[in-house]
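Hydrogens, waters and symmetry mates play no part in the numbers below; they use all other heavy atoms, side chains included.
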Amino acid sequence: VTAVPLALPHRNALMAALTPLSQRATGPIGIGEGGAPTTIPAGGLYAVLYVGQGRRTAGSLADDRTTLSVPFQVTSVGPTAERALWVADRVAEVLAPPLAVDGRATWRVEEVGGPPVQRDDGVTPALYYLPVQYRLQSIPA
Amino acid sequence: LGNLLEFGSVNNPPHNDGGRALDDEEPRFLAQVEALEARALR
């Protein structure tokens with residue numbers, strides 16, 4: 001029995017991959033989790049990670065349920081449609097290499113997709129956002 | 001409004017209800033496809 005939630009090291013790995021985007025010299029991208037980041041960089045670019053608990057499925061015929069599929073979404077936000085697309089591109093780039101997840105062997109992050117860029121008129125000034133869903137699957141290392 | 005619920009917006013989180021329903025349906029769908037295949041090859 002592990003003391004931490006099974007999805008937690010996955011979430012940590014995702015945050016570790018995304019966080020350097022906020023340190024970019026040009027076009028820093030704020031990273032939030034579950035909601036907008038507390039401080040949004042001057043350019044108004046940010047990405048929000050929503051991570052799920054994941055689905056456990058059988059790793060063998062013994063139904064040991066050790067395979068974990070963690071769904072997550074990164075919503076890229078910017079003041080224009082072009083910039084929202086640009087943020088989504090940077091996010092896809094950092095999620096492309098294999099991720100190191102503590103105690104787990106992972107597949108490469110799978111891009112599931114999402115709807116097209118949309119304008120949110122519910123905020124002033126209006127912002128453009130692009131949600132992209134992903135999936136991260138792993139087995140015990 | 002489906003998009004908004006499923007994927008959220010700038011300040012709203014995604015619910016992913018449709019996605020989960022699809023995930024739930026996947027094994028049944030695959031079983032049906034396999035059954036079709038088996039019948040076709042009989």
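Linking Ile, Leu, Val, Met, Phe, Trp and Tyr whenever their side-chain heavy atoms come within less than 4.5 Å puts A:Val74 and A:Leu136 in one cluster. No single ILVMFWY cluster, assembled from side-chain heavy atoms under 4.5 Å apart, contains both A:Val77 and A:Leu18. Residues A:Tyr128 and A:Leu85 share a single hydrophobic cluster, defined by chaining ILVMFWY side chains whose heavy atoms lie under 4.5 Å apart. Grouping the Ile, Leu, Val, Met, Phe, Trp and Tyr side chains by contacts below 4.5 angstrom, directly or via other members, places A:Phe72 with A:Met15. Following chains of ILVMFWY side-chain contacts shorter than 4.5 Å, one can reach A:Leu14 starting from A:Val94, so the two form part of one hydrophobic cluster.
In the displayed structure, A:Arg65 atom CZ is contacted under 6.0 Å by at most 12 heavy atoms of other residues, nucleotides or ligands. Applying the 6.0 Å contact sphere to CG of B:Asp23 captures more than 12 heavy atoms from other residues, nucleotides or ligands.
Below 4.5 Å, heavy atoms of chain A meet heavy atoms from B:Ser9, B:Val10, B:Asn11, B:Asn12, B:Pro13, B:Pro14, B:Asn16, all part of residues 9-20 of chain B. Interface residues of residues 35-42 of chain B toward chain A, defined by a heavy-atom distance below 4.5 Å: none.
Contacts with chain B were tallied for A:Pro131, A:Pro115, A:Ser76, A:Ser69; A:Pro115 has the most, counting heavy-atom pairs under 4.5 Å.
Annotation for A:Gln73 and B:Glu6: closest pair OE1-O, 4.3 Å, computed over non-hydrogen atoms.
In this structure, the separation between CZ on B:Phe7 and CD on A:Gln133 is 4.5 Å, given to the nearest 0.5 Å.
Contacts of A:Arg119 with chain B are absent, with no heavy-atom separation under 4.5 Å from either backbone or side chain.
For the salt bridge (charged side-chain N to carboxylate O under 4.0 Å, His left out) condition, the pairs that include at least one residue of residues 81-94 of chain A, sequence neighbours left out, are A:Arg90-A:Glu93.
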Listing, residues 29-55 of chain A side-chain donor-acceptor contacts under 3.5 Å, not counting sequence neighbours, or none:
from    : atom 1 : to      : atom 2 : distance (Å)
A:Glu33 : OE1    : A:Arg11 : NE     : 3.4
A:Glu33 : OE1    : A:Arg11 : NH2    : 2.8
A:Glu33 : OE2    : A:Arg11 : NE     : 2.8

